[in-house]
Amino acid sequence: MGVTVPDLEAATAFFGAVLGARPLYDTLRREDGPVAGPETERRLGVPAGTEEIAMRMLRLPDGPGLELFEFRGTERRPPALPSDFGWQHVGFYVDDLDAAARGVEDAGGVLLGDPQPLPGPEAGPRNRYQYARTPWGSTFELLTYPDPQPYEKEGGLRRWTP
């Protein structure tokens, strides 16, 4: 998954503190950039004048990679809210929701309410979630489901095996 951030180093520190993410490699180092021009605009569907200035791949402890992108350009919009069209948040599984939530605040993020029990087909005594925002305003979800979920009885598949 990829996320555009206003500051690559600050975002690396934030995701490291909250999720234990670690840098794997820089696809585009700041000193080697920027990458710009008509081909970049066409490839990414960005406005004319947008410059890709840095890209970094982070490794999450038990999950996929998280690719960070930093751009400069003529048009910058605030991050999408859950009520907007399009991809509106990303969820991260954590073993300890309370510790991860403390990490969000310690790293400059904002918690959106208190932890909630996972509902319906995801319910379980210790299965919970909590929404938060990064320091730059992107919405994400912390979730944990150490207990079996009701939907597993029907299909036998789990969406994630911690």
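Numbering starts at 1 and runs along the sequence shown.
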Could you work out, with side chain to side chain contact (heavy atoms under 4.5 Å, CB included) as the rule, every residue matching [X], not counting sequence neighbours?
X      : value
Leu44  : Thr40, Val46, Glu52, Phe71
Arg42  : Pro38, Glu39
Pro121 : Tyr151
Ala48  : Glu41

inquiry  = Tell me every residue that passes salt bridge (Lys or Arg N to Asp or Glu O under 4.0 Å) with Asp96, counting only those two or more places apart in sequence or in another chain.
reply    = none
task = Report the residues that fulfil salt bridge (Lys or Arg N to Asp or Glu O under 4.0 Å) with Glu51, sequence neighbours left out, ordered by chain and then residue number.
result = Arg72
inquiry  = For a 4.5 angstrom cut-off between non-hydrogen side-chain atoms, does Pro146 reach Asn127?
reply    = yes
query = Which residues satisfy the side chain to side chain donor-acceptor pair (under 3.5 Å) test with Arg102, sequence neighbours excluded?
reply = none
key: Listed partners of Gln130 passing side chain to side chain donor-acceptor pair (under 3.5 Å), at least two apart   = none
message = Which heavy atom of Val94 sits nearest to which heavy atom of Thr144, and what is that distance?
response = O-OG1, 2.9 Å
Show me, pair by pair, the donor-acceptor contacts under 3.5 angstrom made by side chains of residues 132-139, not counting sequence neighbours?
| unit_1 | atom_1 | unit_2 | atom_2 | d |
| --- | --- | --- | --- | --- |
| Arg133 | NE | Thr139 | OG1 | 3.1 |
| Thr134 | OG1 | Trp136 | N | 3.4 |
| Thr134 | OG1 | Trp136 | NE1 | 3.2 |
| Thr134 | OG1 | Gly137 | N | 3.2 |
| Thr134 | OG1 | Ser138 | N | 3.0 |
| Trp136 | NE1 | Ser138 | OG | 3.1 |

Sequence neighbours excluded, every pair satisfying salt bridge (charged side-chain N to carboxylate O under 4.0 Å, His left out) that has a member inside residues 12-21 = none
ask   = If you look only at pairs with a residue in residues 11-29, which of them pass as a salt bridge (charged side-chain N to carboxylate O under 4.0 Å, His left out), with sequence neighbours excluded?
value = Asp26-Arg56, Arg29-Glu31, Arg29-Asp32
Which side-chain N or O atoms in residues 103-116 pair as donor and acceptor under 3.5 Å with protein atoms at least two apart or in another chain?
| unit_1 | atom_1 | unit_2 | atom_2 | d |
| --- | --- | --- | --- | --- |
| Gln116 | NE2 | Asp114 | O | 3.1 |

